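Every chain is numbered from 1 and lettered A, B, ... according to where its sequence line falls, protein lines coming before strand lines. Just so you know, these numbers come straight off a predicted model, no measurement behind them.
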Number of protein chains: 2
Amino acid sequence: MEIIEHLAVSQLFKGLPNVHLEGLASISIKKSYQKDESIFFEGRESTGFFIVISGRIKIYKISPEGKEQILHFFGPGEPFGEAPAFTGDPFPAYAEAIEDTDVIFLPKNEFVSLIKKDPSLALNMLVILSHRLQKFTNIIENLSLKEVPGRLAAYIIYSGGNENDASEFSLDISKGQLASLLGTIPETLSRILTKMVKQGLIDSDGRRFIKILDRKGLEELAEGKRRLG
Amino acid sequence: MEIIEHLAVSQLFKGLPNVHLEGLASISIKKSYQKDESIFFEGRESTGFFIVISGRIKIYKISPEGKEQILHFFGPGEPFGEAPAFTGDPFPAYAEAIEDTDVIFLPKNEFVSLIKKDPSLALNMLVILSHRLQKFTNIIENLSLKEVPGRLAAYIIYSGGNENDASEFSLDISKGQLASLLGTIPETLSRILTKMVKQGLIDSDGRRFIKILDRKGLEELAEGKRRLG
DNA sequence: AGGGCGATTTGACCTAAGTCAATGTTAATT
DNA sequence: AATTAACATTGACTTAGGTCAAATCGCCCT
C-alpha cells in the first residue's frame, strides 16, 4: 500500500483533496519499529511527528523510581507527537512500539511549510488536538479526584461499550500496562479486580476476559458514590 | 479600549492583519464577571469560547466529595474554553472568575465559519493548543509520578524564576488555591511548607512571601531524588 | 480596641495504596 | 513433557497524605 493511501485514511488527513495528499506524501517517510523498540525519548528534540500505519504504540512518562505512567495508546490511522512540532519544545514523553509497528514520519519543518502554504491543512489538526486536550482533562480528573477502583470502573465501563447490562470484552493490553494507564501498580490492580469479582460487579476468567455484571454499581464507583469496602 | 485592540494583543490573534481582526471583532461580545462568578459549567453545551481582557479566571474540576482540582489559571490576553468549540463536546470543566474580570466571547458557529473561510486563523490556535497539551502532560506527570513535596518544589522553582540562588517572590493565589492546583488539600500544603522552612529550603513569612534558600535542594525534591523526612 | 469571619495551622487519627517478598500461573521454547 | 521467563496474585507491612476537629492568625469593620 502506498503512503498516500495511508495518509488518505488517517484521522488527520482523511477527506483532503488529492493535491494536498500528494504534497504530504512527498515529505513522508515510512519507518518500522519492532515490538518494544523506542520511537522517541522524553527531552529529545522533536524533528517531526508520526502517524501509525499498523501496529500499536504507547506514550508514557517515567518517574526517577521507574514508575511508568501511560498517557496514550495509539493505533492505525492515529497521529502522535504532533504537539512538539508546533511548540518547538522537546518531546515531553517517551514513545515505544508495543507491537511490530509501521509509521509514517512527517518532518517538522517541511510539514510546517506545507501548512503555512495551505492553512486548511490545520483544520483537522485543531480537532485532533482539541480531542487530546479533552482526554487529558479526563486523565487529570481521574488521577486527582478518583480513587483507583473508580478509575478502573470508568475504564471497564468505557471498554465495555454503552450497551445494555451484560456486555463483555477482552482487555487489549496486559494488566501491568493497564495498571500503568490507571496510574497505579499491578498489585493494586489485581486486588481491586478480585474485590470487584467478589462483589458481583464483574466476572473475569483471571486473564483478559471481563464481563460486566452490574453496570450501575460500576458507575457509582466511577462517580465516587460507592466504595469497594 | 475597543474590542479590536484587545484582540490585537491577545495570544491567539496577535500579529494578524487588520482585515482578520475586524472580522473577529464583528462577532465578538464583551462580557463582565464579578469575583467568584461562574463563567461556564462542566457538562454544559459549549456555545463559544473566551479571551480574558482583564482580571483572572480559573478552570477546575470537582469530585463528588467536593474536592477541587484546578487545571489552569488564565489572565489578560489568554483564551480559554477553545477546545470544546472544535470537538463539539460539552465543557469538560468549570470556569470561574477569581477577580472581577472582563472577557471577549467568541460564538462558536461564527468563529468556525470565519476560520473555515480563512484557515490562516488556525495557525496560532495550533500553537496555543499544543502548548496546553504540553502543560497537561506536566500536570499528569506531577500528579501520578511525584509526591506532593515534589510538586510544590516544582511550583516554587517555576514561580521563583530561573535566576541565581536567592530569588524571592509572592504567591499570586491563596494557599487553598495553590493546594488545589497541586492536587492536594490546604492542611497537607501547610505541613509541607513548614517542613521546607525547617529544612532551610525556603524562607517564608507565613503568608504569601517565599524566598528560595536552597534551589538545588528544591530541584532534587522535584526530581524525586530527595525526600522531605 | 474589639468583634467576626475566613484563611491557615496544628494535632490526633485513619485509610488507600505502595513496597517487598513469596508463590502461583501462563505461555513460549526446546 | 520439562524448563524457563514473564506475568499475575497474595500476604504482611509501611507510609503519604487525607479527615476531622480544634486552635490561631490576619484582616476588615465598625
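- Closest to the side chain of P149(A), from the set dA21(C), dG17(D), dA17(C), is dA17(C).
- You'll find that the side chain of T188(B) is closest to dG18(D), out of dG18(C), dT9(D), dG18(D).
- Judged by distance alone, the side chains of Y60(A) and Q69(A) never bring a donor and an acceptor atom under 3.5 Å apart.
- Computed from coordinates, the E65(A) CD to dT15(D) P distance equals 15 Å when rounded to whole Å.
- Each end of the helix from dA1(C)-dT30(D) to dT30(C)-dA1(D) gets its own rotation axis from five pairs of C1' atoms, and the angle between them is 40° to the nearest 10 degrees.
- Side-chain proximity of T194(A) to the nucleotides dT10(D), dG18(C), dG18(D) is greatest for dT10(D).
- Aromatic pair F136(B)/H72(B): ring centres closer than 6.0 Å.
- By the 4.5 Å heavy-atom criterion applied to side chains, K211(B) and S204(B) are not counted as neighbours.
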*Evaluate the side-chain contact (heavy atoms from CB on, under 4.5 Å) criterion for residues I212(B) and E168(B): first the C-alpha distance (whole Å), next the side-chain angles of each, then the deciding distance (0.1 Å), finally the verdict.*
CA-CA 6 Å; I212(B) 296 177; E168(B) 45 189 75; over 6 Å; no
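- Taking the charged nitrogens against the carboxylate oxygens, K225(B) and E223(B) do have a contact shorter than 4.0 Å, which makes a salt bridge.
- Here dT9(C) presents its P atom at 7 Å from CG of L193(B), a figure rounded to the nearest Å.
- Comparing dA16(C), dA16(D), dG18(D) by their closest approach to the side chain of R227(B) singles out dA16(D).
- Atom NZ in K67(A) sits roughly 14 Å away from atom P in dC20(C) (whole-Å rounding).
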*How would nucleotides 23-30 of chain C be written as a contact map, 5' to 3', with B for base contact, S for sugar-phosphate-only contact and - for no contact, using protein heavy atoms under 4.0 Å?*
---SS---
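- Of the charged side-chain nitrogens involved, none lies within less than 4.0 Å of a carboxylate oxygen, so that K31(B) and E37(B) do not count as a salt-bridged pair.
- Residues E82(A) and R132(A) are paired through a salt bridge, judged by an N-O separation under 4.0 Å between the basic side chain and the carboxylate.
- For the pair I185(A) CD1 and dA17(C) P, the interatomic distance rounds to 11 Å; values are reported in whole Å.
- Between dT9(D) and K175(A), a contact under 4.0 Å exists linking OP1 or OP2 to a side-chain N or O.
- Taking the side chain of P186(A) as heavy atoms from C-beta on, and the options dT9(D), dG18(D), dT9(C), the nearest nucleotide is dT9(D).
- Remark: of the listed residues K61(A), E65(A), K67(A), E65(A) is the sole one forming a side chain to side chain donor-acceptor pair (under 3.5 Å) with S63(A).
- Taking 4.5 Å as the limit, some side-chain heavy atom of F91(A) sits within range of a side-chain heavy atom of S46(A).
- An OP1 or OP2 oxygen of dA8(D) is reached within less than 4.0 angstrom by no side-chain nitrogen or oxygen of S190(A).
- The CD atom of E187(A) sits 18 Å away from the P atom of dA16(C) (whole-angstrom rounding).
- Using a 4.0 Å cut-off between charged nitrogen and carboxylate oxygen, E99(B) and R56(B) count as a salt-bridge pair.
- Atom pair I192(B):CD1 and dA16(D):C1' shows a separation of 9 Å (rounding to whole Å applied).
- If you check every strand for non-hydrogen atoms under 4.0 Å, R208(B) touches nothing.
- Taking atom CZ of residue R191(B) and atom P of nucleotide dT24(D), one finds them 16 Å apart after rounding to whole Å.
- Spacing between atom CG of L171(B) and atom C1' of dA7(C) amounts to 14 Å, rounded to whole angstrom units.
- Between dA16(C), dG11(C), dT10(D), one nucleotide has an atom nearer to the side chain of E147(A) than all others, and that is dA16(C).
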